Amino acid sequence: MADSGPPPNFIRDIIEKDLKDNKNEGRVHTRFPPEPNGYLHIGHAKSICLNFGLAAEYRGLCNLRFDDTNPSKEEVEYVESIKYDVRWLGFDWENREYYASDYFEQLYQYAIQLIKGGKAYVCSLSADEIREYRGTLTEPGKDSPYRERSIEESLDMFVCMRKGEFPDGSHVLRAKIDMASPNLNMRDPVIYRIMKASHHRTGDKWCIYPMYDFAHGLSDSIEGITHSICTLEFEDHRPLYDWFLDQLDVFHSQQIEFARLNLGYTVMSKRKLLGLVEEGFMTGWDDPRMPTISGLRRRGYTPESIRDFCERIGVAKKESTVDITLLEHCLREDLNQRAPRVMAVLRPLRLVIDNYPERKMEELDAVNNPEDSSMGSRKIPFSRVLYIEREDFREIPPKKWFRLSPGSEVRLKHAYYITCGDVVKENQTGEIIELHCTYDPESRGGWTKDERKVKGTLHWVSAAHSLKTEVRLYDHLFSKADPDNVEEGSDFKTFLNPNSSETLTSCRIEQSLKNAKPGSRYQFMRQGYFCVDSVDSSHDTLVFNRTATLRDTWAKIEKAQKKTEK
RNA sequence: UGGGGUGUAGCCAAGCGGUAAGGCAGCGGCCUUUGGAGCCGCCAUUCGGAGGUUCGAAUCCUCCCGCCCCAGCCA
């Protein structure tokens, strides 16, 4: 048995059985069918990876098909963003870019066929009445008084519906199935409604639009889709999906349902994400805190890490909420191999090396990535006045602290050993404003002949040779792991994390970053992975987004210490 | 109290009648010019519960329980 490759799942099992039975002449053809009514999010990425992945794995094809049957919610802006995102994720639909709206004429003919066969009728009940007639979960519905309208009359009226002779909502076309079915979807579902709205692709050509259940399965059939993969909530729709294909006697795609992705500390519904954008809680769909593909991209996530994540979470029918740490792990694993290391000081503390000559500047060698020697090295300037991270100094060092403190010796990465002397404080506030240290000239490069142990290694930048920059630190969008789980009358926005974004404006980065490209990713040593914000960076000032932190062992130790003190 | 699904570790997830994979998280240790990375080890005598069938059950049968979805002219 193959012990490599993607892990098994129930959909692969189905496909393999179909292949074995030579169903569909051995073809595997899937599709990714977004509705262009919002931006794609990481949940869609799961579906995209699944559909395109399966097609690639079984030498099949995957179409990109926009499910654009409701012009009141759909826009070209969304189709453009969706195409961009799917491509960015690394998938190619070649020339198979389709739209349900491409099939409107064909779908209309299918509807005519149903009417002629006595399988559909024009119903003139109001929306409210249709709801009343539908019955409830426990009681059967009752037949519409229009159910036995003659085929000729329905046909005539449907043609008039298309011609625009009736106002919105006055009539609908319904499938004639069974008003007593325990499955509400089978109680004479509406398949066409009158909607005098302009469509982003067909303009004003149509004023009747097909409903999802009718359009989707038939679009699958038209495209020869063998495995139509969708999410769990459509399970109840499968009998209807099958019914249309059977009545019309057309190519029968197989609908397969899987559990959608949920992630902790965020929300995944397009409606909720739209709300956050429209109500100004987010700067846009691409706010780096959003779980959208555009948000993750701007945040610094790589397509590779997202694909890896989608493969690792698996595919099953159990509703699940994946731990956000898995996504972060995938990102770190990818960037650890590929991101150049660089030094940046987020909260600068001035440090003067008293025994280092005033005007001297030397260039020290710094390896770009210890994981990959092919990435080479660069020179970084060192001088008498530096900045180090404010939190790397403690006047009173706690246990196991091996960063800087009065009298202690630490290593400045790639540079020298320094020992801390005087601590200069601001008179009024007592705030530490400057540190005075001495360096050991024998420790150039960061080691000495005597091989004495220096446990702490700090990152730093030269004050005169560094660039001022803005850095944005991000945290979970919500402070609650399951923000969807709200009490009656409350709102998921109550759980928005007030600290999900923090902007630091006086950061310093090494000058090698001067021409860093928008979107490029770096590891700020000892801190995390950051990427150049592609929206707010300017020629004067680069803006960095923190994608993910590095694992912080000291924070863990300190937390444990505080816990035992209690 | 209708119908459709689903329960394996804190979170995912394999398993398909032969005696509980793997990943994340967590916890120890080693190593380290990033307290990063890496490496080593630990982490389910038991699969929602109770019965039953079987030499043998997470896998088959029965009953029970929990959770999710469905009453748009949304998708």
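Predicted model only: the values in this text are computed from it and were never measured. Just so we're on the same page: letters track the sequence lines, and every chain starts at 1.
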Practice item. Indicate whether OP1 or OP2 belonging to rG72(B) is found under 4.0 Å from a side-chain N or O atom of R193(A). Key: no

Point to revise | Integer angstrom distance from the P of rG66(B) to that of rG48(B) | key: 16 Å

Check your understanding: Can you find a donor-acceptor N/O pair under 3.5 angstrom joining the side chain of Q523(A) to the base of rU34(B)?
Key -> yes

Point to revise | M211(A) side-chain proximity, nearest of rA71(B), rU1(B), rC74(B) | key: rC74(B)

Exercise for review: Using a 4.0 Å heavy-atom cut-off across all strands, classify I557(A) as base, sugar-phosphate, or nothing.
Suggested key: base

Point to revise | Nearest-angstrom distance, P atom, rU59(B) to rC69(B) | key: 28 Å

Point to revise | Touch class at under 4.0 angstrom, heavy-atom based, for Y209(A) against every strand present | key: nothing

**Study point:** S198(A): partners by side chain to side chain donor-acceptor pair (under 3.5 Å), with sequence neighbours left out
**Key:** D204(A)

Exercise for review: Mind calculating the distance between CZ (R403(A)) and C1' (rU34(B)) to the nearest angstrom?
Suggested key: 11 Å

Review point. Contact class for E235(A) (heavy atom, under 4.0 Å): base, sugar-phosphate, or nothing?
Key: sugar-phosphate

Exercise for review: Using a 4.5 Å cut-off on heavy atoms from C-beta on, say whether the side chain of F393(A) contacts that of W401(A).
Suggested key: no

Practice item. Between rG26(B) and rC12(B), how far apart are the C1' atoms? Round to whole Å, please. Key: 15 Å

Practice item. Looking at every strand, decide which applies to F234(A) at a 4.0 Å heavy-atom threshold: base, sugar-phosphate, or nothing. Key: base

Review point. What does H414(A) touch in the nucleic acid at a heavy-atom separation under 4.0 angstrom: a base, only the sugar-phosphate, or nothing?
Key: base

Check your understanding: Which part of the nucleic acid, if any, lies within contact of T553(A), taking any heavy atom under 4.0 Å across all strands shown: a base, the sugar-phosphate backbone alone, or nothing?
Key -> sugar-phosphate

Exercise for review: Please indicate whether R378(A) has more than 12 foreign heavy atoms, meaning atoms of other residues, nucleotides or ligands, lying under 6.0 Å from its CZ.
Suggested key: yes

Check your understanding: Does OP1 or OP2 of rU34(B) have a side-chain N or O of H459(A) closer than 4.0 Å?
Key -> no

Check your understanding: Mind checking the C1' distance from rC64(B) to rG7(B)? Whole angstroms is fine.
Key -> 14 Å

Check your understanding: Can you check the M186(A) CE to rG4(B) P distance for me, whole Å?
Key -> 13 Å

Practice item. May I ask you to establish whether R201(A) and Y99(A) are in a cation-pi arrangement, using a distance under 6.0 Å from NZ or CZ to the six-membered ring centre and at most 45° from the ring axis? Key: yes

Point to revise | Atom-to-atom span, CE of M179(A) to P of rG3(B) - whole angstrom | key: 18 Å

**Study point:** Identified side-chain hydrogen bond (donor to acceptor under 3.5 Å, both in side chains) counterpart of Y529(A) within the set R546(A), E328(A), Q523(A), R521(A)
**Key:** Q523(A)

Point to revise | Full working for salt bridge (Lys or Arg N to Asp or Glu O under 4.0 Å) between R31(A) and D67(A) | key: CA-CA 11 Å; R31(A) 105 265 90 120; D67(A) 225 330; over 6 Å; no

**Study point:** Any residue meeting side chain to side chain donor-acceptor pair (under 3.5 Å) with D242(A), in chain and number order, not counting sequence neighbours
**Key:** H252(A)

Point to revise | Distance between P atoms of rG5(B) and rG23(B) (Å, rounded) | key: 34 Å

Revision key, fill the gap. Among rA71(B), rC70(B), rA37(B), the one nearest any side-chain atom of D236(A) is rC70(B)

Exercise for review: For L125(A), report the nucleic acid contact type (base, sugar-phosphate, nothing); a contact means any heavy atom under 4.0 Å.
Suggested key: base

Point to revise | Secondary-structure notation, RNA chain B, from Watson-Crick and G-U pairs under 3.5 angstrom (| other strand) | key: .(((((((.[[[..)..(...]]].(((((.......))))).....[[[[[..)....]]]]])))))).....

Study note, to complete from the structure: Between the OG atom in S154(A) and the CZ atom in R174(A), the distance rounded to the nearest 0.5 Å is 11.5 Å

Review point. Between F492(A) and K272(A), is there a cation-pi geometry (under 6.0 Å to ring centre, at most 45° from the normal)?
Key: yes

Revision key, fill the gap. With sugar-phosphate taken as primed atoms, P, OP1 and OP2 and all else as base, the protein-contact string of nucleotides 11-21 of chain B at under 4.0 Å (heavy atoms; B, S, -) is SSSSSB-----

Check your understanding: Parallel under 30°, tilted from 30 to 60°, perpendicular over 60°: which one fits the rings of H41(A) and H44(A)?
Key -> tilted

Review point. When rounded to the nearest Å, what value does the distance between C1' atoms of rG36(B) and rC30(B) take?
Key: 16 Å

Revision key, fill the gap. Sequence neighbours excluded, the answer for side chain to side chain donor-acceptor pair (under 3.5 Å) partners of D168(A) is none

Check your understanding: Would S377(A) and N368(A) count as having a side-chain donor-acceptor pair, cut-off 3.5 Å?
Key -> no

Review point. Nearest-Å distance, CZ (R174(A)) to C1' (rC73(B))?
Key: 10 Å

Practice item. Quick one: label N70(A) by what it contacts on the DNA or RNA (base, sugar-phosphate, nothing), any heavy atom closer than 4.0 Å. Key: sugar-phosphate

Review point. How is P34(A) classified with respect to the nucleic acid when contacts are heavy atoms under 4.0 Å: base, sugar-phosphate, or nothing?
Key: nothing

**Study point:** Chi-based syn or anti call at rG72(B), which uses purine or pyrimidine torsion atoms and a 90° bound
**Key:** syn

Study note, to complete from the structure: Of the candidates rG2(B), rU34(B), rC24(B), the side chain of P370(A) sits closest to rU34(B)

Just the atom pairs and distances: protein N or O near nucleotides 26-30 of chain B's N or O, under 3.5 Å.
| from | atom 1 | to | atom 2 | distance (Å) |
| --- | --- | --- | --- | --- |
| rC27(B) | OP2 | K556(A) | NZ | 3.3 |

Check your understanding: At what distance, to the nearest 0.5 angstrom, does CE of M343(A) lie from OG of S512(A)?
Key -> 9.0 Å

Check your understanding: Does Y209(A) have R193(A) sitting over its ring (NZ/CZ under 6.0 Å from centre, angle to axis within 45°)?
Key -> no

Exercise for review: Check whether the ring centres of F382(A) and W460(A) lie less than 6.0 Å apart, and answer yes or no.
Suggested key: yes

Practice item. Scan W401(A) against the nucleic acid and name what it touches under 4.0 Å (heavy atoms): base, sugar-phosphate only, or nothing. Key: base

**Study point:** Sugar-phosphate, base or nothing in reach of S126(A), heavy atoms under 4.0 Å
**Key:** base

Review point. Can a side chain N or O of R341(A) be found less than 4.0 Å away from OP1 or OP2 on rG36(B)?
Key: no

Practice item. Name the nucleic acid region contacted by H237(A), choosing base, sugar-phosphate or nothing; use a 4.0 angstrom heavy-atom cut-off, strictly under. Key: base

Exercise for review: Classify the nucleic acid contact of L327(A) as base, sugar-phosphate or nothing, counting any heavy atom under 4.0 Å across all strands shown.
Suggested key: nothing

Exercise for review: Could you tell me the separation between the CZ atom of R411(A) and the P atom of rU32(B), rounded to a whole number of Å?
Suggested key: 11 Å

